[in-house]
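Presented below is the structure to which this report refers.
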Amino acid sequence: MSALLSSLLILSLFSTGISLSSNYYEKTCPNAESLIRKAVRDAATNDKKVPAALLRMHFHDCFIRGCDASVLLDSKGKNTAEKDGPPNVSLHAFYVIDNAKSAVESACPGIVSCADILALAARDAVVLSGGPSWVVPKGRKDGRTSLASETRQLPAPTFNISQLQQSFAQRGLSLKDLVALSGGHTLGFSHCSSFKNRIHNFNSTTDVDPSINPSFAASLKSTCPATNNAKNAGVPMDPSSTSFDNTYYKLLFQQKTLFSSDKALLDSPKTKNIAAKFASSKGAFTKAFIKSMIKMSSITGGQEVRKNCKVVN
Ligand code: HEM
Ligand SMILES: *[C@@H]1O[C@H](CO)[C@@H](O)[C@H](O)[C@H]1NC(C)=O
Ligand SMILES: *[C@@H]1O[C@H](CO)[C@@H](O)[C@H](O)[C@H]1NC(C)=O
Ligand SMILES: *[C@@H]1O[C@H](CO)[C@@H](O)[C@H](O)[C@H]1NC(C)=O
């Protein structure tokens with residue numbers, strides 16, 4: 001067995017030691033959720049990019065060492081942390097978590113973990129974008145390790161369906177979870193670098209991935225030329241990129257999604273059928289999304305409640 005697989009196995013064994021519950025802070029910090037919601041709402045009012053950032057941050061957190069706020073730690077001394085690792089180009093709005101943490105620390109010092117704050121903030125981000133709400137199980141602990149080298153464990157936008165399936169399965173997540181959680185791509189923004197493999201030199205015979213709608217590919221090429229590409233250039237994930245809906249799945253069938261990993265959901269009959277169901281029923285999507293978010297956010301790790309989300313105690 002590979003070192004990666006066995007360390008993930010050990011991780012999941014440790015995970016069973018932490019049990020989450022919906023009323024975890026009921027007695028110790030009853031205002032925690034409303035304070036966090038306020039911090040997220042205030043930030044999102046000033047900056048429409050905040051909700052997408054928080055949703056993606058939570059996903060990155062959970063996929064490396066479990067949802068243990070490892071993504072929030074700053075690099076220190078010789079240690080380069082996850083947030084300074086290669087696919088960090090889209091990670092931003094860390095200040096929102098710090099604001100929320102300050103608010104809960106004033107109300108109830110040392111009680112609420114950064115990992116729980118991030119899980120709640122991701123839920124609040126979905127709600128603020130017009131998506132569904134759900135009860136977030138709480139009681140996560142914060143980890144003491146964050147390594148830039150481990151961001152390699154994140155699925156890449158170039159992944160095919162079997163690589164995606166494997167990445168999710170290693171974390172106890174199914175193909176249905178993969179399709180439902182990919183619906184997070186209804187929100188936010190992508191830099192050109194994340195999909196340029198599909199629009200320039202796709203392979204030795206074809207310049208543009210033929211599985212992209214031609215007029216959509218042309219518009220992507222004009223925003224993201226092969227040369228002189230501005231570092232910050234990119235496009236919204238979908239035309240309604242600040243509203244949480246099932247548009248992503250409709251775009252998938254119109255061949256207008258950005259990543260190979262999105263398009264890959266149509267490459268197996270099983271995932272294609274699930275995507276078709278979500279494209280035709282917003283209700284089916286939101287129900288599945290909630291279930292899968294709870295599953296993903298219950299991959300635990302960590303051992304302490306950090307005082308400051310950027311540094312270990
Ligand atoms: C299935 C594997 C996944 C891959 C390969 C993937 C890949 C990516 C990439 C490459 C970007 C664009 C980064 C950039 O260029 O700025 C992105 C953005 C985003 N992803 Fe994913 N992602 C995956 C799953 C998820 C999941 C599970 C969620 C949450 C449920 C999610 C939520 C988001 C959001 C909200 C953004 C926009 C971020 C922003 O605007 O700040 N992704 N993803
Ligand atoms: C991403 O990592 C680079 C170094 O690899 C670093 O200079 C940059 O500040 C990081 N970006 C964010 C948003 O943390
Ligand atoms: C997916 O990619 C991997 C690694 O490049 C490759 O070994 C595998 O055959 C590919 N699977 C499919 C279904 O294309
Ligand atoms: C390039 O991609 C196209 C479309 O997927 C495919 O038909 C073709 O066989 C590929 N060529 C090479 C050399 O891989």
Side-chain angles (χ1 to χ4, degrees), residues 44 47-63 67 86-94 96 118-119 121-123 125-126 129 131 151 153-171 173 175 177-198 201-212 220 223-224 229 231-238 241-244 248 252 255 257-269 271 275 285 288-297 299:
D47 180 358
K48 297 273 171 278
K49 299 193 290 297
V50 160
L54 294 171
L55 181 58
R56 177 146 156 96
M57 202 188 288
H58 180 50
F59 156 60
H60 276 211
D61 186 30
C62 295
F63 264 56
C67 319
N88 69 353
V89 67
S90 71
L91 291 178
H92 58 102
F94 290 101
V96 183
L118 184 48
R123 186 272 318 267
V126 170
S129 309
T151 57
Q153 296 168 18
L154 291 166
T158 50
F159 270 16
N160 64 31
I161 187 64
S162 39
Q163 293 170 302
L164 290 167
Q165 175 169 20
Q166 192 191 7
S167 170
F168 276 61
Q170 282 168 347
R171 291 154 176 96
L173 300 172
L175 284 176
D177 296 321
L178 166 65
V179 181
L181 291 170
S182 295
H185 290 169
T186 178
L187 292 183
F189 176 88
S190 170
H191 295 82
C192 296
S193 55
S194 300
F195 54 83
K196 70 169 191 293
N197 68 303
R198 302 182 77 200
N201 290 314
F202 178 62
N203 66 20
S204 58
T205 52
T206 314
D207 185 42
V208 175
D209 182 344
S211 73
I212 309 183
L220 294 178
T223 309
C224 308
N229 207 158
K231 192 169 167 282
N232 293 324
V235 295
M237 301 288 270
D238 87 17
S241 67
T242 55
S243 98
F244 189 96
Y248 168 81
L252 206 48
Q255 307 189 303
T257 52
L258 297 175
F259 311 132
S260 301
S261 59
D262 296 320
K263 181 262 163 188
L265 301 178
L266 304 183
D267 290 344
S268 103
T271 49
F285 164 54
F289 184 80
I290 291 172
K291 212 173 147 200
S292 298
M293 278 296 283
I294 292 174
K295 233 168 122 181
M296 178 177 80
S297 77
I299 310 170

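Counting convention: from 1, in listed order, for ligands and their atoms alike. What you are looking at is a predicted structure, and each value in this text was computed from that prediction instead of being measured.
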Name the option, out of [options], that contains the heavy atom nearest to [atom].
atom                    : options                     : answer
atom 5 (C) of ligand 1  : Ala156, Ala180, Gly184      : Ala156
atom 41 (O) of ligand 1 : His60, Lys49, Met237, His92 : His92
atom 11 (C) of ligand 1 : Phe259, Phe159, Phe189      : Phe259

Go ahead and list the nitrogen or oxygen contacts between ligand 3 and the protein that come in under 3.5 Å, distances to 0.1 Å, or just say none.
unit_1, atom_1, unit_2, atom_2, d
ligand 3, 2 (O), Asn160, ND2, 2.3
ligand 3, 11 (N), Asn160, ND2, 2.9
ligand 3, 11 (N), Ser162, OG, 3.1
ligand 3, 14 (O), Asn160, ND2, 3.3

Close side-chain approach of [X] and [Y], heavy atoms under 4.5 Å:
X      : Y      : answer
Arg198 : Lys263 : yes
Met296 : Asp177 : no
Gln166 : Phe159 : no
Asp262 : Leu252 : yes
Leu181 : Met293 : yes

Keeping the roles fixed (side chain from [X], backbone from [Y]), state whether a donor-acceptor pair exists under 3.5 Å.
X      : Y      : value
Asp207 : Asn201 : yes
Arg123 : Ala119 : no
Thr271 : Leu265 : yes

Look at atom CG of Asp47 and say whether more than 12 heavy atoms of other residues, nucleotides or ligands are closer to it than 6.0 Å.
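Enclosed.
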Could you tell me whether Lys196 atom NZ has more than 12 heavy atoms of other residues or ligands within 6.0 Å of it?
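At most 12 heavy atoms, drawn from other residues, nucleotides or ligands, come within 6.0 Å of this atom.
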Can you name the closest pair of heavy atoms from [X] and [Y] and give their distance?
X      : Y      : result
Lys49  : His92  : O-CE1, 3.7 Å
Pro86  : Thr151 : CD-OG1, 3.4 Å
His58  : Ala122 : CB-CB, 3.6 Å
Val208 : Phe202 : C-CB, 4.0 Å

Could you establish whether Phe195 and ligand 1 come within less than 4.0 Å of each other, counting only heavy atoms on the residue side?
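The answer is no, since Phe195 has no heavy atom less than 4.0 Å from ligand 1.
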For ligand 1, is there an N or O atom under 3.5 Å from any N or O atom of Ser182?
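No: no nitrogen or oxygen of Ser182 is under 3.5 Å from one in ligand 1.
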Does Ser193 reach ligand 1 with a nitrogen or oxygen that is under 3.5 Å from one of the ligand's nitrogen or oxygen atoms?
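No.
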Just let me know how [X] lines up against ligand 1, side chain, backbone, both or neither, with a heavy-atom cut-off below 4.0 Å.
X      : result
His185 : side chain
Ser194 : side chain
Ala52  : both

Just which atoms of ligand 1 are under 4.0 Å from any heavy atom in [X]?
X      : answer
Pro155 : 2 (C), 5 (C)
Ala53  : 41 (O)
His191 : 14 (C), 15 (O), 16 (O)
Pro157 : 5 (C), 10 (C)
Phe168 : 1 (C)
Gly188 : 37 (C), 40 (O)
Ser261 : 5 (C)

Suppose I only count heavy atoms of [X] and a 4.0 Å limit; which atoms of ligand 4 are within that range?
X      : answer
Pro210 : 4 (C)
Ser204 : 13 (C)
Thr205 : 1 (C), 10 (C), 11 (N), 12 (C), 13 (C)
Thr206 : 1 (C), 2 (O), 3 (C)

Given Phe195, which of Leu258, Ile212, Asp209 fulfils the side chain to side chain contact (heavy atoms under 4.5 Å, CB included) condition?
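Among Leu258, Ile212, Asp209, the one meeting side chain to side chain contact (heavy atoms under 4.5 Å, CB included) with Phe195 is Leu258.
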Answer yes if the ring centres of Phe285 and Tyr248 are under 6.0 angstrom apart, and no otherwise.
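No, they do not, as the ring centres are separated by 6.0 Å or more.
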